[in-house]
J.: 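Sharing a structure, written as structure tokens. Questions coming.
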2 protein chains.
Amino acid sequence: MAKQPELDDFRVPYFDDGKKSSKFSLEAFDPAAKPFSTGSKDSDRARLSEIGAKLDTLQECLHAQQQRRVLLVLQGMDTSGKDGTIRAVFHDVDPLGLRIVPFKAPTPVELAHDFLWRVHAQAPAAGELTIFNRSHYEDLLVPTVLGNLDAEAFERRCCHIRQFESLLADSGTTIVKCMLHISKEEQRQRLQARIDDPSKHWKFDVSDLEARKQWDKYQAAYRDALDATSTDYAPWYVVPADSKTHRNVMVAELLLRTFEALKLEYPPAKESLKGIKVE
Amino acid sequence: MAKQPELDDFRVPYFDDGKKSSKFSLEAFDPAAKPFSTGSKDSDRARLSEIGAKLDTLQECLHAQQQRRVLLVLQGMDTSGKDGTIRAVFHDVDPLGLRIVPFKAPTPVELAHDFLWRVHAQAPAAGELTIFNRSHYEDLLVPTVLGNLDAEAFERRCCHIRQFESLLADSGTTIVKCMLHISKEEQRQRLQARIDDPSKHWKFDVSDLEARKQWDKYQAAYRDALDATSTDYAPWYVVPADSKTHRNVMVAELLLRTFEALKLEYPPAKESLKGIKVE
């Protein structure tokens with residue numbers, strides 16, 4: 001009997017201060033795989049709905065305690081489904097309990113600071129579940145592909161990221177990072193679909209086609225970035241994402257496990273309220 | 001045949017630079033009324049779901065255009081259902097399209113600025129739908145009830161608010177403000193239910209009981225505040241809110257009408273994308 005896949009099989013090995021013998025291979029992960037699918041799209045949607053209800057309760061508990069914080073980082077090539085993942089995974093979670101932070105190209109003011117300045121400002125507060133839709137990892141990937149960040153500067157940024165994430169973790173933030181992994185062919189189909197549907201043109205930026213031409217460079221930059229920043233306090237997971245329902249279920253399962261590991265409990269009843277009758 | 005209720009019957013008359021003959025009466029609105037109920041709780045939920053789907057599309061269109069902004073302000077006494085309204089009305093709206101801003105008691109840094117400073121910073125950007133869960137109106141209500149804002153200072157703050165909201169409106173923001181109106185007896189029951197359920201104690205703040213003792217003062221402060229700040233560019237609506245399903249449907253109907261009046265359309269197709277084949 002085949003071994004059941006485990007979430008940790010999709011975790012990028014931890015960076016261990018340069019002692020690793022070799023880099024992990026992003027190519028070893030099949031974007032079309034559906035290891036956490038429950039069998040059909042319908043059953044995946046049912047499972048997602050089940051997890052959504054649990055996440056809703058767990059998020060309320062996180063909020064009630066006002067102690068821990070949870071940060072989900074979503075990265076992936078254009079059309080890999082970051083927006084769709086957020087919509088699907090959090091459909092049944094109280095919107096009051098979510099803070100979604102989209103990171104766009106930095107503004108002049110943001111560029112006038114270090115690359116983690118705007119990110120730090122958006123770190124989750126006590127009791128918050130925050131989702132980064134893109135993140136500080138763009139500041140590794142884009143300049144690398146454009147040739148504006150040499151190997152040494154890349155390593156320095158990775159080191160700053162590890163130290164920054166260690167600060168967050170040490171201050172009560174549980175971090176989980178997902179790379180939504182699609183194939184080049186799947187991206188081609190999704191981009192073509194957007195072009196072929198004029199009502200979707202507003203979503204389309206011609207620079208997406210430019211980025212696609214650099215596909216291999218982006219894949220290499222992703223591999224190097226994930227390799228250097230997957231840590232026990234902020235692990236990276238590769239999420240096979242050609243199938244949307246699989247992608248959603250896997251991210252939801254990861255987040256559910258992350259929340260369950262926190263062993264959250266509602267704050268105890270207040271003795272002082274016992275027996276009070278409201279006038 | 002009785003006249004069908006219209007949303008505008010629940011609009012606070014516009015402030016017109018002191019020429020009004022008399023203040024509107026909050027007491028004239030029955031908190032237990034269900035003028036926009038469709039008949040039963042089930043049919044209200046169905047209607048809410050129908051509006052939710054429309055709001056989802058309209059919000060996407062707002063986002064696609066990146067021009068207009070929409071701001072929903074929610075105010076109401078403790079337990080009036082601000083959180084519940086947000087959860088219910090926006091359940092089917094993409095969480096990526098929402099920004100929910102809860103205003104708590106001001107921090108020392110916030111207090112060191114004028115009372116609109118922290119509010120202005122949270123104003124919706126182009127393409128955004130923003131919800132204020134409490135708002136700058138707390139800065140009229142609370143100090144008035146506590147006796148820290150005399151009539152003249154109250155009027156000055158109202159004037160500043162009108163000017164501030166006029167700036168937002170003039171810059172492309174459509175503002176709609178709802179007071180969730182519950183009865184004193186309904187609040188008693190809701191507070192008592194929270195006390196009687198120890199698992200809900202974390203939601204309970206003893207100061208809620210203190211505020212309740214000032215019920216009449218708060219109602220008077222609400223009336224004066226709404227009276228002085230309902231304008232054609234930022235109207236106030238009184239939402240009968242003893243019934244939760246009615247409250248949700250009415251806020252949803254108001255927001256739907258607000259969005260529909262914007263006559264939003266998706267941006268046109270881009271000629272430059274025509275016929276492109278993705279490699």
J.: Looking at B/Asp83, B/Asp94, B/Ile195, which has the largest count of heavy-atom pairs under 4.5 Å with chain A?
T.: B/Asp94
J.: Is there a side-chain contact between B/Val93 and A/Arg87 in this structure, where contact means two heavy atoms from C-beta onward sitting under 4.5 Å apart?
T.: no
J.: Counting neighbours of NZ on B/Lys184 that are heavy atoms of other residues, nucleotides or ligands and sit closer than 6.0 Å, is the number greater than 12?
T.: yes
J.: Which atoms of A/Arg212 are under 4.5 Å from chain B, going by heavy atoms: the side chain, the backbone, both sets, or neither?
T.: side chain
J.: Measure distances from B/Leu96 to the heavy atoms of chain A and classify the residue's part below 4.5 Å as side chain, backbone, both or neither.
T.: both
J.: May I ask you to test the B/Pro95-A/Ile100 pair for a side-chain heavy-atom distance under 4.5 Å?
T.: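 Result yes, sub-4.5 Å side-chain heavy-atom pair found.
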J.: Write out, in numerical order, the residues from residues 255-279 of chain B with a heavy atom short of 4.5 Å from a heavy atom in chain A.
T.: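 B/Tyr266, B/Pro267, B/Ala269, B/Lys270, B/Leu273, B/Ile276, B/Lys277, B/Val278, B/Glu279, listed by number.
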J.: Name the region of A/Asp56, side chain, backbone, both or neither, that has any atom closer than 4.5 Å to a heavy atom of chain B.
T.: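 A/Asp56 touches chain B through side-chain heavy atoms alone.
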J.: Output the option from A/Pro198, A/Ala64, A/Ser199 having the highest count of non-hydrogen pairs under 4.5 Å with chain B.
T.: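 Top option by heavy-atom pairs under 4.5 Å: A/Ala64.
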J.: Check whether any side-chain heavy atom of A/His63 lies under 4.5 Å from a side-chain heavy atom of B/Lys203, and answer yes or no.
T.: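 When only atoms from C-beta onward are counted, B/Lys203 and A/His63 do not touch, as no gap falls below 4.5 Å.
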J.: Between B/Asn133 and chain A, which part of the residue has a heavy atom less than 4.5 Å away: side chain, backbone, both or neither?
T.: side chain
J.: With only heavy atoms counted, which part of B/Arg99 is less than 4.5 Å from chain A, the side chain, the backbone, both or neither?
T.: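 No part of B/Arg99 comes within 4.5 Å of chain A.
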